[in-house]
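Right, one structure below, let's go through it.
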Amino acid sequence: DEEKRAEKLVAVALTYLHAGQPDHAWQTYQTALTTARFAGRDSVFSILAGGSDILASAGAEILWQAYQVMQEVDGWWGDNP
């Protein structure tokens, strides 16, 4: 299922990050986020949380963009958690 695929992609992205390949980490993490979107709101937030090290390594601008994505995600599903 899409949620499990997204979780595995985050694990791969973190491995890239810890191996000193932040570009590959970021690309893989973006794929995980896109995949999680199809699994639903909880999956997207789980992937955002699971990739916090990747987000932090990318700098303040990316962290701000992640916050904006979280706000956007809430809008996709409204008040239904």
Side-chain angles (χ1 to χ4, degrees):
D1 91 333
E2 296 299 311
E3 185 171 9
K4 288 181 183 180
R5 182 172 183 264
E7 290 170 357
K8 289 177 183 178
L9 285 166
V10 170
V12 170
L14 288 169
T15 300
Y16 277 131
L17 182 67
H18 296 300
Q21 297 191 26
D23 291 339
H24 289 314
W26 183 243
Q27 291 171 354
T28 305
Y29 183 66
Q30 287 176 313
T31 302
L33 280 170
T34 301
T35 302
R37 180 177 181 183
F38 297 109
R41 175 185 178 169
D42 289 342
S43 182
V44 171
F45 282 118
S46 175
I47 297 307
L48 283 168
S52 61
D53 287 347
I54 297 166
L55 292 169
S57 74
E61 179 64 26
I62 295 298
L63 287 172
W64 177 249
Q65 289 175 8
Y67 169 76
Q68 290 175 318
V69 166
M70 286 186 262
Q71 297 303 310
E72 181 181 344
V73 167
D74 266 344
W76 294 342
W77 288 283
D79 294 331
N80 300 321

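For the single chain, residues carry numbers from 1 onward in sequence order.
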- Query: Are I54 and F45 connected in the hydrophobic side-chain network, where two residues link if heavy atoms are under 4.5 Å apart?
  - Reply: yes
- Query: In Å and rounded to the nearest 0.5 Å, what is the CG to CG distance from L33 to L55?
  - Reply: 7.5 Å
- For the student: nearest non-hydrogen atoms of A13 and A25, plus distance: O-CB, 3.2 Å
- Message: For the CD atom of E7 and the CG atom of D1, what is their distance to the nearest 0.5 Å?
- Response: 8.0 Å
- Note on the structure: G50 and V10 have their tightest heavy-atom pair at O-CG1, 3.7 Å
- Can you check whether D42's main-chain N or O pairs, donor with acceptor, with S46's side chain at less than 3.5 Å? no
- Message: Between V44 and V12, is there shared hydrophobic-cluster membership here, with clusters defined by ILVMFWY side-chain heavy atoms closer than 4.5 Å?
- Response: no
- Item | Contact summary for S43 and A36, nearest pair of heavy atoms | OG-CB, 3.4 Å
- Task: Would you give the length of the straight line joining atom CD1 of I47 to atom OH of Y29, rounded to the nearest 0.5 angstrom?
- Result: 7.0 Å
- Item | Rounded distance [0.5 Å steps], OG1 in T28 versus CD in Q21 | 9.5 Å
- Least distance between heavy atoms, A39 atom then E2 atom: CB-CB, 4.1 Å
- Quick one: does R5's side chain get under 4.5 Å of L9's, heavy atoms only? yes
